[in-house]
Protein chains: 2
Amino acid sequence: MSRATDKAYDAIRNAVLQGNFGVGLRLKENDLATTIGVSRTPVREALRRLNAEGLIEFKSNHRATVTQWTGENVDDLFQLRALLEGFATALAAERISDAKINELSALADKMEQTSAGKRPVNFDRLSQLNSEFHRIVMEAAGSKRLQTLMAGLIEMTIILRTYHRYSPSELARSFGHHRELIAAFLAHDSEWARSVMTSHILAARASYVRANNNRNSADPKPPQRKTRTR
Amino acid sequence: MSRATDKAYDAIRNAVLQGNFGVGLRLKENDLATTIGVSRTPVREALRRLNAEGLIEFKSNHRATVTQWTGENVDDLFQLRALLEGFATALAAERISDAKINELSALADKMEQTSAGKRPVNFDRLSQLNSEFHRIVMEAAGSKRLQTLMAGLIEMTIILRTYHRYSPSELARSFGHHRELIAAFLAHDSEWARSVMTSHILAARASYVRANNNRNSADPKPPQRKTRTR
DNA sequence: AATGCAATTAATGTATACAAAATCTCCGAT
DNA sequence: ATCGGAGATTTTGTATACATTAATTGCATT
């Protein structure tokens, strides 16, 4: 796409993913424009794009804010991601090339090396490599539409920093999933691949719930799966 | 949202859904702007929004065109829709209110009355009622994110005019699905509901495939209208 | 002090002017 | 006649000015 719009998009997106804006904080077009060094027009386009991806929301007063991931929504969204990414992975298993499988394998190597015996573990790097892993899988599915649908859902887990909360055993399990997925790809077994990916995401969801409960242990609010009363 | 942008969005979206632009045709911002009666700015925003929903695509040369639904893609997308809408329907079964179930029931009545013994069947009206039915179900799922993800996929089937190709027996089956879905909602049985919805979409896919094969064998070129908005 | 309301300020929405890029045209070389 | 390419033209990208709407301030009233 165009230069200024991309610049604005990248800048805002990175800032959001790194948590540089407090949730609920108002993102003013003028401030963003001057900070990034472009005019308001490309900033506006970038905000709309990010809104479409779900990273940014517009309140009724037309103000843009970083999306707030509330407990109940997060649960729905993890399920949704498991479903969609499972489907995409099944497609990928049929279509992926050997070269791409090798790339995945190399990424799995790097991730294991990154965490092997290191203390503290470099979670930022791990999270980055993990994103790359998932990106390649999505790409292999060969559906542009599916990719755009997934984009926002994957980014959600980055914002929530789920990877940063993995215990050593959870990390090991995650690495195991990567290896098993590569095996399923090598066999071009779509149901196997789908199943592994679904496990991978649902395990991440469980980790998120656990880590979140611990953090909120002082808070008397239990995780609720609620139905609505309207 | 804002007045001019909404006006542009509605105008372009309706024109696309009614097939007033030939597929692959270039949508020029200036023409659209003068036709609709606003400036280019809101037209641009509308185009980006429609692009995010999948109705419009930008080619590498930055030109906007109506999305072309090619055979293989359509197949993926029907599967995707079956998956997503099935999931949404399962959520809806847990959360839907009695009032909404009554609305669905009323819609099912209207659809059956619309087609009962009439010749020719008013497919436009049917398709519209059917869209409303699905919209209510999606709303009942209570996930705004899920709704926006689905929007484009549902609109795809409108563009493809799948409903217009239903045979009498296929129509009857479709009505049966609606009734069964309402029963599943009354029982708040999410798996039943999901299953019915999945059947409903996959049946639509099969109809599309069948109708498409027939059409291609008889008439190699689909009828294309070229009109303009307003 | 708290409240309501008008005036002010600030933010977003829209139009328009200009810049950059893509497309088209037309002419000359082969 | 075909091809290539230098301008001309059209179209999109960006900046900016102006319009509209939301938020804030500060004063008057109670």
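Worth knowing before you read on, the calculation uses all heavy atoms, side chains too, and leaves out hydrogens, waters and symmetry mates. Everything quoted here is computed from the prediction, not taken from an experiment.
Atom NZ in B:Lys28 sits about 12 Å away from atom P in C:dT23, given to the nearest Å. Atom CD of B:Glu29 is separated from atom C1' of D:dT14 by 12 Å (rounded to the nearest Å). Note: CD (A:Glu45) to P (D:dT12) measures 13 Å, nearest angstrom. The CG-P distance, from A:Leu32 to D:dT14, rounds to 16 Å in whole Å. The CZ-P distance, from A:Arg44 to C:dA11, rounds to 14 Å in whole Å. Rounded to whole Å, the distance from CG on A:Asp31 to C1' on C:dA11 is 10 Å. Going from atom CZ of B:Arg49 over to atom C1' of C:dG13 covers 13 Å, rounded to whole Å. Rounded to whole Å, the distance from CG on B:Asn30 to C1' on D:dT9 is 13 Å.
Residues passing the ring-ring contact (aromatic ring centres under 6.0 Å, His included) test with B:His188: none are found, sequence neighbours excluded. Every residue meeting the side chain to side chain donor-acceptor pair (under 3.5 Å) condition with A:Arg13, not counting sequence neighbours, appears here in chain and number order: A:Glu155. Not counting sequence neighbours, the partners of B:His178 by the ring-ring contact (aromatic ring centres under 6.0 Å, His included) test are B:Phe133, B:His200. Taking the ring-ring contact (aromatic ring centres under 6.0 Å, His included) definition, one finds that A:Tyr166 meets it with A:Tyr163, sequence neighbours left out.
Phosphate proximity of D:dT14 to A:Thr5: present, with a side-chain N or O under 4.0 Å from OP1 or OP2. Distances shown here put every side-chain N or O of A:Asn61 at or beyond 4.0 Å from the OP1 or OP2 atom of C:dT12.
Residues A:Phe21 and A:Ile12 come closest through the heavy atom pair CE1-O, 4.2 Å. The shortest non-hydrogen separation linking B:Lys100 to B:Ile136 is CD-CG2, 4.1 Å.
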### Query
How does protein contact run along nucleotides 15-21 of chain C, one letter per nucleotide 5' to 3', with B for base contact, S for sugar-phosphate only, - for none, heavy atoms under 4.0 Å?
BB-----

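Contacts of B:Leu47 with the nucleic acid, taken as non-hydrogen atoms under 4.0 Å apart, are absent.
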Pairs under 3.5 angstrom only: tabulate donor-acceptor contacts from the side chains of residues 145-154 of chain A to other protein residues two or more places apart or in another chain.
| unit_1 | atom_1 | unit_2 | atom_2 | d |
| --- | --- | --- | --- | --- |
| A:Arg145 | NH2 | B:Gly54 | O | 3.3 |
| A:Thr148 | OG1 | A:Arg145 | O | 2.8 |

